[in-house]
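Order of the sequence lines sets the chain letters (A, B, ...), proteins ahead of strands, with each chain counted from 1. Computed from heavy atoms alone, side chains included, the values below leave out hydrogens, waters and symmetry copies.
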2 protein chains.
Amino acid sequence: MSTALPRRGIPDATVARLPDYLRVLTGMAARGIPSTSSQQLAAAAGVRSAKVRKDLSYLGTYGVRGVGYDVEHLAFQIATELGLARDWPVVIVGMGNLGRALAAYGGLSQRGFRIIGLFDHDPAMVGQLVADIPVAGMDALPGVAATGDVLGVIATPAESAQAVADALVSAGVTSILNFAPGTPGVPAHVELRKVDLATELQILAFHKMRRSGTGHWAQVAP
Amino acid sequence: MSTALPRRGIPDATVARLPDYLRVLTGMAARGIPSTSSQQLAAAAGVRSAKVRKDLSYLGTYGVRGVGYDVEHLAFQIATELGLARDWPVVIVGMGNLGRALAAYGGLSQRGFRIIGLFDHDPAMVGQLVADIPVAGMDALPGVAATGDVLGVIATPAESAQAVADALVSAGVTSILNFAPGTPGVPAHVELRKVDLATELQILAFHKMRRSGTGHWAQVAP
DNA sequence: TAGATTGTTAATCGATTAACAATC
DNA sequence: TAGATTGTTAATCGATTAACAATC
């Protein structure tokens, strides 16, 4: 008999918020705050306290009724749940402006991600140092990605995204974050998430239009 | 009597997908494809065809049963619905690596966004050209943002995000896209969306761990 | 007409929220 | 004990999906 395993199936919506809670808790820990409440956590993360309690309840019962949560302990539990008890190797493909910005982003190593490779298609770029790491050609990708659970980041223009996704998949990468516009096709066993600046701005514009009434429909006079 | 207004209240989940459909349709139009189906659209956007039809049904009935959708007409309708019949002015605050990458990102002007101002706190940065636009100091923000429906982008380190958000709100900006880690507080009438590289990677890592079983829980032998 | 594909229905699933008993 | 705050319940809300009648 094994002991009861922690419950599976943390809702996706909860998983998406755990990094926020973790960041808030890490900040509190750095400022020497020993304990907190769902109320305080909620205010800092921009959600409601009931949501915080519900989210945390999926991980286990780490709070104390009438008292709150121990900051360091809760941070550790969330980090563990997110798989951050270990380091994650990351490769970035595409050393244009965006790729360079991502490579230089200090928040990565700080949060357990280790850049193990930077790649670019352009021979003129190969060998250059970006964030103290020499840029490699695409032919070097399979060797680097063979390391194991590598997370791949696509930071190329839209035109190259599919080819890069194919190269990453061929190299054995099964977790890809795509910053290029569009959605490259990948096999079912590969997870692809995407971030697109223009999409985010379009959503903002839509909501703004609805709020301010400056859109395309004429105001109906009474 | 006015004619019936188009129905309000397009679901948020649908609004978030409309930019994807629009991008796919724009690509089809550029390749001279005259019409398409929910099936093809779905494949290109990475969703199911039923979802495409349901999403499009919130905009109106722009398809033809047995035939499909006219690519140009549908693209126009989605663009109109998203408020892209007009240009949207954008200001970017923070001219580090990320801010420079965003400023140089051609996809913006291509999709109806016009950068009307780049700002940085650092006097040494002020006056420099980024993407052919001179960087201004923060004191110039109110004048530029007074234009009207400006969308604000925060591309600073986490420490400055709250101060920049405050400055944007003071300048009258009510739509903000935040690339800095963390969630600055803003008044209720201001919409703040956020994009965080580390958060996205943490979600990928979580799912990867669950898939590959390389996480912290030992495999239970049978 | 026969074949194709939409728009809509209805069932299911997942996420949010408020309220409150449990309990420190 | 009295006050505070969690963890959980149950109701509500929103999103997804498959199926199919409508119809080109």
Could you tabulate the donor-acceptor pairs under 3.5 Å formed by side-chain atoms of residues 39-50 of chain A, not counting sequence neighbours?
| residue | atom | partner | partner atom | Å |
| --- | --- | --- | --- | --- |
| A:Gln40 | OE1 | A:Thr36 | OG1 | 3.0 |
| A:Gln40 | OE1 | A:Ser37 | N | 3.2 |
| A:Ser49 | OG | A:Arg53 | NH1 | 3.4 |

Without placing hydrogens or testing angles, list every side-chain donor-acceptor pair under 3.5 Å for residues 106-113 of chain B, not counting sequence neighbours.
| residue | atom | partner | partner atom | Å |
| --- | --- | --- | --- | --- |
| B:Ser109 | OG | B:Gly106 | O | 3.4 |
| B:Arg111 | NH1 | A:Asp196 | OD2 | 3.4 |
| B:Arg111 | NH2 | B:Tyr105 | OH | 3.0 |

Check: residues 165-176 of chain A side-chain donor-acceptor pairs under 3.5 Å, at least two apart:
| residue | atom | partner | partner atom | Å |
| --- | --- | --- | --- | --- |
| A:Asp166 | OD1 | A:Gln162 | NE2 | 2.9 |
| A:Ser170 | OG | A:Asp166 | O | 3.0 |
| A:Thr174 | OG1 | B:Lys208 | NZ | 2.5 |
| A:Thr174 | OG1 | B:Arg211 | NH2 | 3.4 |
| A:Ser175 | OG | B:Arg211 | NH2 | 3.2 |

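Proximity of A:Lys51 to the phosphate of C:dA15: no side-chain N or O atom is located under 4.0 Å from OP1 or OP2. An OP1 or OP2 oxygen of C:dG7 is reached within less than 4.0 angstrom by a side-chain nitrogen or oxygen of B:Tyr69.
In this view, A:His73 and A:Tyr62 satisfy the ring pair (Phe, Tyr, Trp, His ring centres under 6.0 Å) rule, not counting sequence neighbours. Evaluation of the side chain to side chain contact (heavy atoms under 4.5 Å, CB included) rule for B:Val195 yields A:Val195, A:Glu200, B:Leu177, B:Phe179 as partners, not counting sequence neighbours. Partners of B:Thr14 according to the side chain to side chain contact (heavy atoms under 4.5 Å, CB included) rule, which considers only residues two or more places apart in sequence or in another chain, are B:Ile10, B:Pro11, B:Arg17, B:Leu18, B:Asp55, B:Tyr58. For A:Asp12, there are no salt bridge (charged side-chain N to carboxylate O under 4.0 Å, His left out) partners at least two apart in sequence or on another chain.
The interatomic distance linking B:Leu59 (CG) with C:dT8 (P) rounds to 12 Å, in whole Å. The separation between A:Ile10 atom CD1 and C:dA15 atom P is 12 Å, rounded to whole Å. A straight line from CG of A:Leu18 to P of C:dA15 spans 13 Å, rounded to a whole angstrom. Atom CG in B:Asp55 sits about 16 Å away from atom P in D:dG14, given to the nearest Å. Distance OH (A:Tyr58) to C1' (D:dT9): 12 Å, rounded to an integer number of Å. One atom, CG of B:Asp12, and another, P of D:dC13, lie 16 Å apart when rounded to the nearest Å.
Atom CE of A:Met209 sits about 9.0 Å away from atom OG1 of B:Thr80, to the nearest 0.5 Å.
Applying the salt bridge (Lys or Arg N to Asp or Glu O under 4.0 Å) test to every pair with at least one member in residues 64-75 of chain B, sequence neighbours left out, gives no pairs at all. Note on residues 20-38 of chain B: pairs passing salt bridge (Lys or Arg N to Asp or Glu O under 4.0 Å), not counting sequence neighbours, are A:Lys194-B:Asp20, B:Asp20-B:Arg23.
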With Watson-Crick and G-U wobble geometry limited to distances under 3.5 Å, how should the secondary structure of DNA chain C be encoded in dot-bracket form, using | for bases paired to another strand and [ ] for crossing pairs?
..||||||||||||||||||||||

A correct 5'-to-3' footprint of nucleotides 18-24 of chain C, with B, S and - meaning base, sugar-phosphate only and no protein heavy atom under 4.0 Å, is BB--BBB

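Applying a 4.0 Å cut-off to non-hydrogen atoms, the residues of residues 37-44 of chain B that approach DNA chain C are B:Ser37, B:Ser38, listed by residue number.
Enclosure of atom NE2 in B:His207 by more than 12 non-hydrogen atoms of other residues, nucleotides or ligands within 6.0 angstrom is indicated.
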